[in-house]
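To start, the structure under review is shown below, and the notes come after it.
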Amino acid sequence: MDIYHTIIAVILCHLFGDYVLQNDFIAKTKGENPYHLFVHCALYCLPFLVVFGYTWQIIVVFLSHLCVDSAKARYGVISYTTDQVIHYCICLLYLFN
């Protein structure tokens with residue numbers, strides 16, 4: 001996969017995982033319930049797993065998503081914009097295969 005297709009795939013994986021696969025219930029409760037946060041992070045990683053397979057990046061994506069979403073949803077120490085910027089920066093790891 002060339003770099004342009006990889007960038008498009010990463011963006012689509014992020015959008016699908018963070019929005020399409022997250023229902024309202026999980027979105028509202030992931031800050032209060034660690035299990036719901038874990039489920040959201042696992043579902044977030046699913047598109048990356050389907051598109052790129054099991055790679056070292058998926059572990060970094062999962063753990064970073066867990067930390068960043070916890071900081072935003074549970075503790076409120078980062079904004080939505082910061083949350084998204086961090087997620088996209090982490091997604092750039094897929095450019096280094």
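The analysis underlying the following values was restricted to heavy atoms, covering all of them including side chains, and did not include hydrogens, waters or symmetry mates.
Sorted pairs that involve residues 84-94 and meet salt bridge (Lys or Arg N to Asp or Glu O under 4.0 Å), not counting sequence neighbours, are lacking altogether. Applying the salt bridge (Lys or Arg N to Asp or Glu O under 4.0 Å) test to residues at least two apart or on different chains, none of the pairs has a partner in residues 11-21.
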Donor-acceptor pairs are to be reported for all side-chain atoms of residues 46-56 against protein atoms at under 3.5 Å, with residues two or more places apart or in another chain.
unit_1 : atom_1 : unit_2 : atom_2 : d
T55    : OG1    : Q57    : N      : 3.4
T55    : OG1    : Q57    : OE1    : 2.9

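Taking 4.5 Å as the limit, every side-chain heavy atom of I7 sits out of range of all side-chain heavy atoms of Y94. Counting heavy atoms from C-beta on, the side chains of L37 and S70 come closer than 4.5 Å.
Clustering ILVMFWY residues whenever any of their side-chain heavy atoms sit less than 4.5 angstrom apart, transitively, puts I58 in the very cluster that holds V10.
Residue I8 belongs to a hydrophobic cluster whose other members are L12, with links defined by side-chain heavy atoms closer than 4.5 Å.
Heavy atoms of other residues, nucleotides or ligands lying less than 6.0 angstrom from OH of Y19 number more than 12. Sparse packing is recorded around CZ of F38, with 12 or fewer heavy atoms of other residues, nucleotides or ligands lying under 6.0 Å away.
Between Y44 and G17, the shortest heavy-atom distance links the atoms CD1-C, 3.6 Å.
Applying the salt bridge (Lys or Arg N to Asp or Glu O under 4.0 Å) rule to K72 yields no partners; only residues at least two apart in sequence or on another chain are considered. Taking the salt bridge (Lys or Arg N to Asp or Glu O under 4.0 Å) definition, one finds that D69 meets it with K30, sequence neighbours left out.
The NE2 atom of H65 sits 7.5 Å away from atom NE2 of H14, with the distance rounded to the nearest 0.5 Å.
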